[in-house]
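Throughout, residue positions are numbered sequentially from 1 according to the sequence presented. Counting starts at 1 for both ligands and their atoms, following the listed order.
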Amino acid sequence: MELCILLLLFITGTLAQQDMSDKVFIFPSPSTSSCVILKPIIKKSLQKVSVCLQFYTVLSRDYSLFSLAISGSDNAFLIYSQPPNVCIVNINQEENIFMVDPDTEIAWKHTCATWDSTTGIVQLWINGKLYPRKVSKKGFTIDSAMSIVLAQDQDSFGGGFDINQSFAGEISDVNMWDYTLTAEDMQNVMYGKLHGNIINWKSLTYEIKGNVFVQPKL
Ligand SMILES: *[C@@H]1O[C@H](CO)[C@@H](O)[C@H](O)[C@H]1NC(C)=O
Ligand SMILES: [Ca+2]
């Protein structure tokens, strides 16, 4: 079984399904093409969404962590970091700029972003801390035909990558829900007790493009 998965991973562009518990994606260097494409478990339009992930990097320039594009909106839902102290959450092209605590050490960071169409409320949580909330794109719906990419910023559906916005480092524990997580849920996610119903790290369907490696989380 392990061997089958390994063999699959060697054939670039092949869809894999894997329990990624205690594993990471390693993106060794900035690039215009390396990324991981994630396939949602359920194909449905979204009026609420939560995305959580962990990442580890030494980059000091901008980088995209999680890019969700739909037809006509390349930044339908985007988590984009601008070190040292800004994180942007885009909802249907609108930038929601969060001032966050500056990096003081090179360490894993747990990041969650949520959005609720009913209120427009956007939440950004980093390492369990909620930053002052924003309101964006009330009434918008994220179409079910979505393209989800880790480590690159899509400027068109499934492409339009810019090396200067690419991520290099490690990404783990990516989960996505069709509802907004509560404060209690956030704790459970951080402790690995809650997994997504749209993207589930314990049963991840993904495709590797280019130079990306699956390794144990150390
Ligand atoms: C990326 O950044 C480098 C250094 O700032 C610059 O020389 C280069 O033109 C940029 N490339 C693109 C595609 O923007
Ligand atoms: Ca974009």
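Among heteroatoms of the N, O or S kind in Asp74, OD2 lies nearest the Ca ion (ligand 2). Among heteroatoms of the N, O or S kind in Asp155, OD1 lies nearest the Ca ion (ligand 2). The Ca ion (ligand 2) lies closest to atom OD1 when only the N/O/S atoms of Asp153 are considered.
Separating the SG atom in Cys52 from the CG atom in Asp173 is a distance of 9.5 Å, to the nearest 0.5 Å.
With 3.5 Å as the limit, one finds a donor-acceptor pair spanning the side chains of Asp185 and Thr182. With hydrogens and angles left out, the side-chain atoms of Asp101 and Tyr131 include a donor and acceptor closer than 3.5 Å.
Between Trp115 and Tyr179, the ring center distance fails the sub-6.0 Å criterion.
A cation-pi geometry, defined here as NZ or CZ lying under 6.0 Å from the six-membered ring centre and within 45° of its normal, holds between Lys217 and Trp108.
Ser166 places no side-chain N or O within 3.5 Å of a backbone atom of Thr32 that could act as its donor or acceptor partner.
Note: angle at the Ca ion (ligand 2), from O of Gln154 to OD1 of Asn75, is 110° (rounded to 10 degrees).
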*asked:* Would Leu130 and Leu124 count as a side chain to side chain contact (heavy atoms under 4.5 Å, CB included) here? Give the steps.
replied: CA-CA 6 Å; Leu130 173 65; Leu124 177 70; 5.9 Å; no

Enumerate the pairs of nitrogen or oxygen atoms, one from ligand 1 and one from the protein, separated by less than 3.5 angstrom; state names and distance to 0.1 Å.
{"from": "ligand 1", "atom 1": "2 (O)", "to": "Asn164", "atom 2": "OD1", "distance (Å)": "3.1"}
{"from": "ligand 1", "atom 1": "2 (O)", "to": "Asn164", "atom 2": "ND2", "distance (Å)": "2.3"}
{"from": "ligand 1", "atom 1": "11 (N)", "to": "Asn164", "atom 2": "ND2", "distance (Å)": "2.9"}
{"from": "ligand 1", "atom 1": "14 (O)", "to": "Asn164", "atom 2": "ND2", "distance (Å)": "3.2"}

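The list of salt bridge (Lys or Arg N to Asp or Glu O under 4.0 Å) pairs with a residue in residues 44-55, not counting sequence neighbours, reads Lys44-Asp178, Lys48-Asp116.
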